[in-house]
Every structure is written in structure tokens, then in C-alpha cells.
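One structure is given here, and the rest of the page talks about it.
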Amino acid sequence: MELTLDELNKTILVMRTKGLLTEALVLAKQGLLVALENGKYGHGLDLYYQKILIHHAFGDTLSMVNLIHEYEAYCQKYGTAKDIMHFYLVMSLIYDLVGVKEKTVDMTKKSIEYATELKDLVMLVRCHSNLCYLEVENGSYAEAMQAGLLARAYNKELGKTQPELAKLQEIRINNNMADVYILQGAFDTGQTLLDRTLRSELVQNHKREKVAALFGYGFLYEKQQKLEEAVAYYKQAIDLAKSYGDKPILKKVMRMLLNVLYELDRREEIFEVQRDYIELTEKMSADNLLQQVMYIEFNQQKEKLEKKALYDPLTGVLNRNFLDTEVTEWMRRAQNDQLFVGVIVLDIDYFKMYNDRYGHLIGDRVLQLLATGLRDFLRKQDAEIIRYGGDEFIICIYNKDRAYINRLVMELHAYMLTLALEHENESYPIKVSMGACINDQKNYDFKYLFEQADRSLYKAKNNGRTNYVIREL
């Protein structure tokens, strides 16, 4: 099931990239139902994210908002750092559609913080491209240019592994940067970027991006005082936006068209466009109350979401919040099933040396390597991996066979000693010390088991490090 859902997510992304949005939405809806029914919440969160982005591509703000509360609830309960990053991006898109500029920028920058921490190229490209557009809207052209150039640099790296997605992102970056160049008077450069968009085969299946390019041409000609040409391109953008019902962008282009028509004093056309604009505004007003409620509720929930995030952004394993909010329930399930519980505490011997000698980036890589090794070894076990802090990790595991847990601790330690960091053609073996406590099917007090495991860890260290000690109750 996990492999199927994983492949489904990849398929939906490919379909979105090709512009097959209706088909992708059908698959996302079906996959989400399967994921939630089978308790595959990580895949479910990915599919929520995909659904919301598809609705955004359709300009369907109401459907995005209708999904956001469910999405937020699952993020709070099961979300990783990646999901919170995605949630902030989604919120930035919604705030942009309803015109709350300050919150849009705030959410985008939050996404960038997470993307930087997680080294997520796809998000770094998208978020910096979005920030370029937002800084243009704020009149901050130098900041917009900086964001656009960063997006382009990240997209160059993305192109090495996901070339088709990078092509789509290049269209978005070019559209946004064209506005910057036009506002700075570099009309030829702006037009060159817009030409690339409209000549792209890919854009023919991405109506929103094509609307943005047509709008860009209208804006270019308006700034050059070629008002007749500007009217023609604005009208093309409006017709295309109407074809798929993108109300927010339709409203924006209508407003720009009205400005040009006023300059040309085309009274009859002004009347017609004003009538359509008022009608569109009235249709959109039905959603406004819902947007305001969402705006208030999100302010109340944002801090709660961050506090309840259970996963460590650097290593991807659980963080200490799991011990505060979930471990009691985890122990209760083990007790109800009369399973043996093992609590393992481990840390890296001489970890400070890695940071002092090679820098914190290498230290971070060591932690990531250790966490990946733990996940790989324990993949088929009923186990939870928690980063307790620094280089200290806790593993909670249960099994019906006490001797099995004992053997597992020994085998895990041996496996950890096979890990090595490769850096500048050198290999640096990772050395760990471990302490474990295995209960007696009577004591299910996590605090007590942890204390015993922690004491065992110190015994292992006192025995010369790179060792393990097991305490059986």
C-alpha cells in the first residue's frame, strides 16, 4: 500500500507538471480516501497538498479553503516539518488570492525557512519565485530581483534531477521576473522572458501561467504607452481566465484593463467591463466571510501547529514533543497487548569533535546519517525513533519476545558501527554508545524505563565508549 501511494503521489506530480489537472485531481481524491482509510497519514498529507495545489491552478479559492481546515488538523496530529512547510505555502497562496498581502509574504518566508532547513529544492524554487512576485506587488523591486535570481539558481540545480518540473518552474520565474524588468524600464529583457513563456510547448497546457504571460504583455505595452496593444493582450488574458473560471486573476486583469480604457476614453467598453467587474465582485463576495473566519482562526492555530509538530526538521525522526504528547498512549497500547517494551538511549561518541574540527554542517550530516541508519535498521520493527536533543536519540520498541528485543539492541549497535560519513574522499566511521532497559511486562512507566536506559548509557561510556549496556527488569 505504501509503495502504491508513493507511486500515486509521483504520478500526480507528473500529471500536474504536464497540465493534466482534471485527471490529477481525480487521482488525488481517490488516493486521499485510500490513504486515510488505511491510516497512511503521511501519504494522506501529501495528497491533501496535491489537491489544494490543483485547485489553486484552477483558481478555485473556495475549494482550497474548504480543504484547509481538514489539512491543518492532520498536520497538527501527524505532520512532519515537510508538511508544515507545505502548509505555510498553501496558506500563502490563499492569502494572496484574498488580497492579504502582509500575511502572504509572512507565510512565504516561513516556507522558505523550512525549505532551507530541509534543503528542499522544489520548495526553494517555488517559494523564491512566489516571493519575487510578492515583492513586485509591494514595490520592492531590488528584493524582487534578488528573489527571482535565487529562484533561477535553485531551478538550475532542480533541472539536474527533475528537468520537466524545472521547465514549468522556469516559466513561472520568467513571468515574475519579466514584471521586475518592465518596472525598471528594461522592456526588451522583459519581453524576451515573456516570449520564452509563450513559445513554450508546456505553457499550452498551463492556462494560469499563460494568463500571467498575456497579462505581462499587456503590462509591458501599457508601460510603453502602446495602449491599443495593451488592451488586446489584457482582453486575451481575460478570455483565457474566464475559460477555466479563475476569478481572482480575472478580477486583477479587469482592473488593469479598466485603467487603460479610461486613458483611451472608451466609454462604452468601460461600461461593459465595469458591469462585468461588479458582477464578478458580487460573486466573489459570497466567499469573503469564510475567508475572514479562516484568517482569524489561522492566527489562533498557527502557534499550536508549530508546537504540536512531532518531527525534527533536520533528521526527519520524531522530536521531544512525541514524549510529551504521544508516548503515554504508545506505552498504554503495549501494556494492553502485554508486550515487552525496550527503551534505548544512544549518542555519538566525541560528537563535539565533528563540529569543532569540520564545522556544524558536517555535524548535521553526521546526525542525518545516524537517523537514516536507525530508520533503515528498524523499518520493519514496532519502534519509534526520537531525537532527544543534540546527538542523543531515544528508541522505543515493543515485541512479544523479550529475548528478541535483547538481540535487537546488540544487532542495532553492531549495525551503527558500520556507518561512516564520506567527506572529501575521506571516510569517517561513526562510533556510538548505547544504553537500554527492557521491562518485565509489569512496569510501563516511560520515565522510569528512560532513567534506567540513561544510566546504562553512562555505564557504557565509562566502559570505554563505543559500547552498549542492557538492563532487564
Side-chain angles (χ1 to χ4, degrees), residues 49 52-53 55-57 59-69 71-72 75-76 79 81 83-117 123-151 172-173 175-177 179-180 182-184 208 212 215 219 246-256 259 280-281 284-307 309:
Y49 176 63
I52 293 171
L53 290 186
H55 285 304
H56 178 258
D60 187 354
T61 311
L62 188 56
S63 291
M64 294 174 71
V65 174
N66 286 339
L67 283 170
I68 198 67
H69 295 295
Y71 183 42
E72 180 187 12
C75 275
Q76 286 184 13
D83 299 309
I84 296 172
M85 170 182 67
H86 288 165
F87 182 80
Y88 279 130
L89 172 65
V90 165
M91 288 307 305
S92 74
L93 299 176
I94 292 175
Y95 282 129
D96 178 50
L97 291 171
V98 299
V100 188
K101 291 183 180 179
E102 183 180 346
K103 298 300 296 181
T104 306
V105 173
D106 181 41
M107 295 295 101
T108 303
K109 289 182 176 179
K110 284 279 189 183
S111 296
I112 289 173
E113 288 177 15
Y114 275 89
T116 302
E117 181 93 25
M123 287 292 289
L124 285 168
V125 173
R126 177 153 195 164
C127 292
H128 279 96
S129 179
N130 289 358
L131 187 60
C132 174
Y133 152 76
L134 293 170
E135 296 293 11
V136 168
E137 293 283 300
N138 289 335
S140 305
Y141 306 141
E143 291 83 353
M145 180 65 75
Q146 182 182 20
L149 292 174
L150 277 171
R172 293 167 175 162
I173 295 167
N175 284 345
N176 292 332
M177 291 195 71
D179 288 345
V180 184
I182 292 166
L183 286 163
Q184 292 180 335
R208 205 165 203 274
F215 171 83
F219 186 52
D246 194 334
K247 295 176 185 176
I249 200 167
L250 186 58
K251 184 177 179 181
K252 177 181 178 180
V253 183
M254 280 183 171
R255 191 165 59 244
M256 298 296 287
N259 292 337
L280 176 65
T281 302
M284 294 177 69
S285 68
D287 301 340
N288 284 344
L289 179 60
L290 182 57
Q291 308 297 348
Q292 293 302 318
V293 171
M294 176 214 63
Y295 179 80
I296 294 169
E297 288 181 354
F298 177 72
N299 280 334
Q300 296 170 342
Q301 295 295 326
K302 184 175 68 171
E303 186 175 352
K304 185 190 298 183
L305 173 63
E306 291 177 297
K307 286 182 178 178

Within-4.5 Å side-chain heavy-atom neighbours: L183 and F219: yes
Could you give the distance from NZ (K103) to CG (D106), rounded to the nearest 0.5 Å? 5.0 Å
What's the verdict on side chain to side chain contact (heavy atoms under 4.5 Å, CB included) for R255 and K251, showing C-alpha distance, side-chain angles and the deciding distance? CA-CA 6 Å; R255 191 165 59 244; K251 184 177 179 181; 4.3 Å; yes
Nearest 0.5 Å, what's the CG-CD distance between N176 and E137? 9.5 Å
To the closest 0.5 Å, what do you measure between CG (L134) and CE (M107)? 12.0 Å
Got a second to check how far L93's CG is from D96's CG, nearest 0.5 Å? 7.0 Å
Find the distance between SG (C132) and CD (E143) and round it off to the nearest 0.5 Å. 11.0 Å
Would you say M145 and Q184 make side-chain contact, with heavy atoms under 4.5 Å? yes
Taking side chain as C-beta onward, heavy atoms only, is E117 less than 4.5 Å from M85? no
Minimum heavy-atom separation for I112 to C127, with atom names? CG1-CB, 3.4 Å
Closest approach of G59 to P248 (non-hydrogen atoms, all atoms of both residues): O-CD, 3.7 Å
Donor-acceptor under 3.5 Å (S92 side chain, L89 main chain): yes
Spatial distance of atom NZ (K109) from atom OG1 (T116) [nearest 0.5 Å]: 12.5 Å
Please work out whether the ring planes of Y88 and Y114 are parallel, tilted or perpendicular, with thresholds of 30° and 60°. tilted
Option passing side-chain contact (heavy atoms from CB on, under 4.5 Å) with H55 (candidates T61, D60, N66, L62): D60
Does the side chain of Y71 come within less than 4.5 Å of H86's, by heavy atoms? yes
Does some side-chain heavy atom of L149 sit less than 4.5 Å from a side-chain heavy atom of M177? yes
Validation row: F87, I68 side chains within 4.5 angstrom (heavy atoms): yes
Contact between N130 and T104 at the side-chain level, heavy atoms closer than 4.5 Å - yes or no? no
A side-chain contact here means heavy atoms from C-beta on lying under 4.5 Å apart; do R208 and H56 qualify? yes
